[in-house]
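Okay, so here's the structure we're looking at.
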Amino acid sequence: MVVGRPDAERAVRLTAVPPAAAPADADPTDRAPAAPPAAPVGRSRRRPRRIDVLVVAGYLGLAALLTAGQWGRPERLFHQAGDQMLFEWMLARAARAVAGAENPLHSTALNAPDGVNLMANTSVLGLGVPLAPVTLLFGSQPAFLVAVVCCLAGTATAWYALLARRLVRSRVAAAVGGLCCGFAPGMVSQAGAHLHMAAQFLVPVILGLVFRPARDRVRRDGVLLGLAVAYQVFLGEEVLVFLALAAGVFAGAYALADPAAARRQAPALLRRLGVGALVAGVLLAYPLWFQFRGPGHYSGMPFYAQGFRLDAASFTAAARQTVAGDDHSGGLLSPNPTEQNSFFGPVLPLLAVLVVVRLWRRPLVRALAGCGLLFALLSLGPSIRVAQHETGLPGPYRLVRDVPLLDLVVPARFALVCVPVLGVLLALALQRADDHPAGRARRLRWTGAVAAALLPLAPTPIRTVPVGPVPAFVADGGWRAYVPPGRTLVPVPPVTGAAVSPATFWSARTGLAFTAPGGFFIGPAGPDDPTAHWGAPDTPTSLLLRRAAETGQVPPIGEADRRQAVVDLRHWRAAVLVQAGSSPADPVRATVDALVGPGQDLPGAHIWDVRPLVP
């Protein structure tokens, strides 16, 4: 397969056929333009142009604008607050691992005493390790915001570089394509909650290495490919699964569109893949063993992944996080605001169809169209729904839902593959308009069409919600007088049914200063049950407190409950229980009082010293 500039692609296909042999009715813009003179070898060849610097600065500025609602505001989180708490904790944990030379794959700071298998969770070590200085100096929230900016702007920049080097000559066309790839509605919605899905800046790098047009330097490219794949595992394995599937589908579609080019390129491509697989396999052997067999590993998922599917009408709808979007309509067509991966508005899909029709003769375009259409259909899940109406029609996802690894994937995220497909098509369309003999008029028409498609999708600042502050008793270190080495601080309630976990949030904002039971992560349901479970395994006391929080009623407490509470506190190695901002009428506080005796009020918190109960 040849993924290169239009002139390179045509040159491969017409090696033995002079340009004069082209059909008389061929579109003149499909003919290969004269090759530019070779650039002189040296430093000047790699020096970025001024427009490159401006484009990257623009991407960074836009990403910073989208996160503006949280800079300098520790009392605000992005709309999926629990997910941000998790990723802040992961960044804080990575920084602690770097500073203290600790095992980055496992932590006992949460879920005491068993700990958390970080490889089996979205630990984003590929972001957390390089951002460790930011986290250590400024805290987990600024580090999270820097990570969001890097993910959005970095993904856009990487696609811009690939487009400019391989597919188009126009820097404007490449910039628009990169903008679409990095800041599409699905990317922005994921960035506010899921760093592991937004961190896609290595995707163009991997594709560029796999589909490199030249057939030399196979070993070097294979080694670089293996390193990039290994690094992507520590950013997000789910993105890597989508990338592998999409690259395979694209390669197959391209081979059907241009068998001769595929045959020429296949040997070098396969050798690169072989070297890359060997390098990545060596680097990832232990981390992957730890993920699937190490302490705290689990099987399955704690939620019904197949239920997270998209409505077919979402592909022409406006996402919540765009200038044309609203809070209501988007929520009806996607499982939640974070999974609005397919909301491309009414114009962009139509423009993409027009581009495919106009450029159909290009194998690259046919392969992109086939790949994008397949993944769009996969995102609809096992059965197709249109405008909230169940059609009863089976979706192609049914063919892969029982395949290992794919059975753990959220179907709605297949639509993220459509984002770079549309970005590349837009860049190709703008390049074609720039090359067309009609000149300025043609460019204006295509520019207007692209503007009409993209302006309604312009992202708005990611929405924020308020969050309760970390109690001063925790934030200022007052807990240290109560918690000796080897003991834990227990946030109340210790295990929550929702994603919002005080243990995770307080731990992240204090730099993992204390050890706690509970937390928001995925782990086994119990010591002898590897079934996936949200958070720590349930204990009778944690269930009792969660029931009080969710029902607003104080459950009846007997002597057996008090004895069980002591057993659970000893299991947690508890020293002090802490509840943020409660009142005497709070049902959870009243339940703890009934279990272990009255506590004491401190500024912003209520605590129970349980050291006498847990010698």
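In this chain, residues are counted from 1 in sequence order. None of the values given here were measured: they were computed from a predicted structure.
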Handout entry: Other residues, nucleotides, ligands: >12 heavy atoms within 6.0 Å of R219 CZ
Key =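 No - once you tally the heavy atoms of other residues, nucleotides and ligands closer than 6.0 Å, there are 12 at most.
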Problem - Centroid-centroid distance, F250 to F211, less than 6.0 Å - result: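 So the answer is yes for these two rings.
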Problem - Ion pair R169/D435, N-O distance below 4.0 Å - result: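 Salt bridge: yes.
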Problem - Lys/Arg-Asp/Glu bridge criterion (N-O < 4.0 Å) met for D52, R171 - result: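 Judged by the 4.0 Å cut-off on N to carboxylate O distance, D52 and R171 do form a salt bridge.
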Donor-acceptor contact present, side-chain [X] to main-chain [Y], <3.5 Å:
| X | Y | result |
| --- | --- | --- |
| D258 | P363 | no |
| N336 | T338 | yes |
| S123 | M119 | no |
| S189 | P185 | yes |

Problem - Pair S342-S314, side-chain hydrogen bond (donor to acceptor under 3.5 Å, both in side chains): steps then yes or no - result: CA-CA 6 Å; S342 57; S314 66; 2.6 Å; yes
Problem - For T464, the option from Q70, R76, Q84 that meets side chain to side chain donor-acceptor pair (under 3.5 Å) - result: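 Passing option: R76.
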Practice task
Taking the side chain as every heavy atom from C-beta outward, state whether V417 and C371 have any atom pair closer than 4.5 Å.
Solution key: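 Answer yes - side chains close enough.
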Exercise for the section: For the residue pair W159 and V419, establish whether any side-chain heavy-atom pair is separated by less than 4.5 Å. Expected result: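 Answer no - side chains too far apart.
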Exercise for the section: Would you mind telling me which of M85, E88, M90 makes a side-chain contact (heavy atoms from CB on, under 4.5 Å) with F144? Expected result: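 Answer after filtering M85, E88, M90: E88.
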Exercise for the section: Would you kindly say whether Q232 and E237 are connected by a side-chain donor-acceptor distance under 3.5 Å? Expected result: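 E237 and Q232 do not have a side-chain donor-acceptor pair below 3.5 Å.
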